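Just so you know, these numbers come straight off a predicted model, no measurement behind them.
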Amino acid sequence: MRRSATSLAALAAAVLLLAGCGSKSDTGGQGGKGGKGGKGTDTGSAGTASPSAPAAGGCASAVDLKATDTGRTVCVAKGGEVRLTLEGTKSRPWKPVQASGTALKAINTGFLIRPGQATAAYHAVAAGTEKLTSSRPMCAQPTKPGEVSCMGIQEWAVTVTVK
């Protein structure tokens, strides 16, 4: 009897522990769309895009992006701002953010960045769509002979629609 009670208690503790692993609440977002952070990998930053109150046309006047926002599409009003911070480490640094398109114009971020971090800020200057991208190594590079390395790359991409 005592053994089954101990086993039952251990099983209950394991279930509760596992129930908490990988859970994620989405408190931000655009129209109920959640971020794609909780896939069991180190995303480098917690949180989701935090848009300001909607401006004319239903788009936010300012959007702050993090690493967990990868894969999302956000909408910002013309004249608004997009800011992002990708938290990295010295051994797993983010590459500088690249922007493809003509809807956003890079502006001064006004932030001091730490080794491994990528920051960027943009002013929404024209209607259209812009893709922001970056990447970093999945594992740190070996520092001593015989250490294990990997060739994996963590990619980050967000599509910004300007209206």
Side-chain angles (χ1 to χ4, degrees), residues 16-55 59-125 128-144 147-162:
L16 289 174
L17 180 65
L18 291 175
C21 292
S23 65
K24 180 178 189 268
S25 68
D26 184 14
T27 57
Q30 299 285 317
K33 296 177 187 172
K36 292 187 176 183
K39 291 185 178 179
T41 59
D42 173 22
T43 59
S45 293
T48 59
S50 40
S52 63
C59 295
S61 59
V63 175
D64 292 313
L65 299 169
K66 305 276 184 222
T68 55
D69 293 313
T70 190
R72 296 201 49 215
T73 297
V74 296
C75 184
V76 65
K78 186 175 174 185
E81 284 189 5
V82 175
R83 292 187 173 271
L84 66 99
T85 302
L86 302 176
E87 299 287 346
T89 63
K90 190 174 181 179
S91 62
R92 293 185 54 221
W94 285 102
K95 290 190 176 185
V97 176
Q98 300 293 313
S100 62
T102 58
L104 300 175
K105 179 182 177 185
I107 59 175
N108 185 347
T109 61
F111 294 107
L112 175 65
I113 62 172
R114 297 184 310 229
Q117 187 179 51
T119 62
Y122 301 92
H123 183 71
V125 294
T129 301
E130 187 108 7
K131 188 166 187 175
L132 305 176
T133 59
S134 185
S135 63
R136 72 176 181 163
M138 291 292 286
C139 341
Q141 293 297 322
T143 58
K144 299 175 197 165
E147 287 185 337
V148 177
S149 68
C150 73
M151 302 302 283
I153 300 291
Q154 178 182 0
E155 302 217 358
W156 182 88
V158 169
T159 302
V160 178
T161 303
V162 177

**Complete:** By side chain to side chain contact (heavy atoms under 4.5 Å, CB included), Thr102 pairs with (sequence neighbours left out) none
**Request:** Return the set of residues passing side chain to side chain contact (heavy atoms under 4.5 Å, CB included) with Lys105 (not counting sequence neighbours), or none when no residue passes.
**Result:** Val125
**Message:** With no hydrogens and no angle check, just 3.5 Å: does a side-chain donor-acceptor pair link Gln141 and Arg92?
**Reply:** no
**Distance (rounded to the nearest 0.5 Å) between Trp156 CH2 and Gln98 CD** = 11.5 Å
**Message:** Please enumerate all residues that pass salt bridge (charged side-chain N to carboxylate O under 4.0 Å, His left out) together with Glu81, with sequence neighbours excluded.
**Reply:** Arg83
**Prompt:** Stepwise, does the side-chain contact (heavy atoms from CB on, under 4.5 Å) test hold for Val160 with Leu132?
**Reply:** CA-CA 8 Å; Val160 178; Leu132 305 176; 3.9 Å; yes
**Item:** Residue from Val82, Asp69, Val97 passing side chain to side chain contact (heavy atoms under 4.5 Å, CB included) with Val158
**Value:** Asp69
**Message:** Tell me every residue that passes side-chain hydrogen bond (donor to acceptor under 3.5 Å, both in side chains) with Ser91, counting only those two or more places apart in sequence or in another chain.
**Reply:** Thr89
**Point-to-point distance, once rounded to the nearest 0.5 Å, from NE2 of His123 to CD1 of Ile107** = 7.5 Å
**Prompt:** Who are the side-chain hydrogen bond (donor to acceptor under 3.5 Å, both in side chains) partners of Thr143, not counting sequence neighbours?
**Reply:** Glu147
**Complete:** Those residues at least two apart in sequence (or on a different chain) that pass side chain to side chain contact (heavy atoms under 4.5 Å, CB included) with Cys150 are Met138, Cys139
**Message:** So, using side chain to side chain contact (heavy atoms under 4.5 Å, CB included) as the criterion, who are the partners of Ala157 when residues are at least two apart?
**Reply:** Lys131, Thr133
